[in-house]
Amino acid sequence: PIFWAINTHNKNYPGTFNIRPEIVKGLYLDAVTNLNNWGFKNVYFGSWHGLNEKTIMEVCKEANSSLEIRAALILPVHRVRGRYGLTGKEEYVIIVNSSEVEKPPSKYLNFHAGSSEVSYMAAFFPDVVDLDLVKTLKPTNLTGPEFGKFYFPSIDHRPHAILHID
């Protein structure tokens with residue numbers, strides 16, 4: 001995992017760094033270049049942050065044209081609708097079906113450190129997610145208009161920590 005990213009919307013959460021797009025692109029391209037140099041043939045990115053998806057696609061396009069590696073961003077189909085003008089035939093993206101497509105839309109937002117991100121972390125990095133604590137957290141039940149309050153640092157709406165960092 002690469003923990004440095006474009007986090008414009010989440011920058012007010014303590015510990016969330018917001019990195020400029022050109023720096024993120026350089027970092028990701030350097031990582032892919034190193035993987036290429038070490039003999040890797042494929043590299044796949046996964047991201048839940050829309051601001052990073054565009055930059056990752058740029059990295060993948062550049063890597064695919066200048067290196068001997070296939071780089072692609074994996075996107076669930078429900079994240080692609082209406083975004084980026086993708087057809088699904090681009091060599092720099094892999095569009096996959098998602099169980100979220102089958103669920104009826106919720107009136108509540110699933111945002112930063114919500115069920116999607118926590119589930120992903122628990123599946124791939126179970127040693128850093130405190131599932132007992134997660135089960136005790138109450139949902140925010142925020143709708144779109146209420147979401148804005150999380151962008152303003154003058155209001156203390158910080159979520160409870162769920163990760164163990166040693």
Side-chain angles (χ1 to χ4, degrees), residues 1-13 16-129 134 139-140 142-145 147-148 150-151 162-163:
I2 297 176
F3 299 103
W4 300 95
I6 305 162
N7 286 305
T8 306
H9 297 349
N10 299 322
K11 66 184 177 187
N12 293 326
Y13 288 95
T16 302
F17 293 89
N18 179 33
I19 308 300
R20 290 174 284 146
E22 64 271 19
I23 301 300
V24 169
K25 183 177 179 182
L27 174 66
Y28 292 2
L29 194 53
D30 284 352
V32 173
T33 300
N34 279 283
L35 292 169
N36 178 77
N37 293 343
W38 298 330
F40 284 81
K41 299 296 178 199
N42 298 288
V43 62
Y44 303 103
F45 289 88
S47 174
W48 267 258
H49 295 280
L51 293 172
N52 291 289
E53 291 169 353
K54 182 179 177 210
T55 300
I56 292 169
M57 285 188 278
E58 291 172 6
V59 166
C60 293
K61 282 193 258 187
E62 190 169 327
N64 291 346
S65 67
S66 64
L67 302 172
E68 296 177 16
I69 199 166
R70 180 185 184 230
L73 171 62
I74 299 170
L75 289 172
V77 70
H78 76 274
R79 301 264 303 162
V80 175
R81 282 193 211 130
R83 289 189 185 185
Y84 316 120
L86 297 174
T87 65
K89 295 180 182 182
E90 295 80 3
E91 66 174 19
Y92 55 89
V93 294
I94 298 172
I95 299 172
V96 296
N97 288 326
S98 169
S99 61
E100 290 193 33
V101 172
E102 298 165 13
K103 289 190 234 174
S106 173
K107 67 178 182 175
Y108 302 116
L109 296 174
N110 182 6
F111 64 101
H112 190 56
S115 61
S116 295
E117 291 181 1
V118 172
S119 297
Y120 177 83
M121 291 296 292
F124 293 101
F125 309 101
D127 54 328
V128 300
V129 178
V134 169
T140 60
L142 289 178
T143 59
F147 185 59
F150 282 92
Y151 290 156
I162 59 168
L163 302 180

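Side chains included, hydrogens not; waters and symmetry mates left out as well; all remaining heavy atoms used. Nothing fancy with the numbering, it's 1 onward along the sequence.
Side-chain atoms of Val59 and Tyr92, non-hydrogen and from C-beta on, never get closer than 4.5 Å to each other. The side-chain heavy atoms of Tyr44 and Arg70, taken from C-beta on, include a pair separated by under 4.5 Å. At least one side-chain heavy atom of Val32 sits less than 4.5 Å from a side-chain heavy atom of Phe45. Within the 4.5 Å cutoff, side-chain heavy atoms of Leu86 are placed close to those of Leu75.
Across all non-hydrogen atoms, the minimal contact from Cys60 to Ala71 is CB-O, 3.4 Å. Nearest heavy-atom pair, Met57 versus Val93, reported as atom, atom and distance to 0.1 Å: SD-CG1, 3.6 Å.
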Show, in sequence, the C-alpha distance, side-chain angles and deciding distance for Val129 and Val134, and conclude whether the side chain to side chain contact (heavy atoms under 4.5 Å, CB included) test is met.
CA-CA 8 Å; Val129 178; Val134 169; 4.2 Å; yes
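Residues meeting the side-chain contact (heavy atoms from CB on, under 4.5 Å) test with Glu62, sequence neighbours left out: Lys25, Leu29, Ser66. Evaluation of the side-chain contact (heavy atoms from CB on, under 4.5 Å) rule for Leu27 yields Ile2, Trp4 as partners, not counting sequence neighbours. A search for side-chain contact (heavy atoms from CB on, under 4.5 Å) contacts involving Asn36 returns Leu67, Glu68, Ile69, not counting sequence neighbours.
To the nearest 0.5 Å, the span separating CG on Asn42 from CD1 on Ile94 amounts to 8.0 Å. Rounded to the nearest 0.5 angstrom, Asn52 CG and Ile6 CD1 are separated by 4.5 Å.
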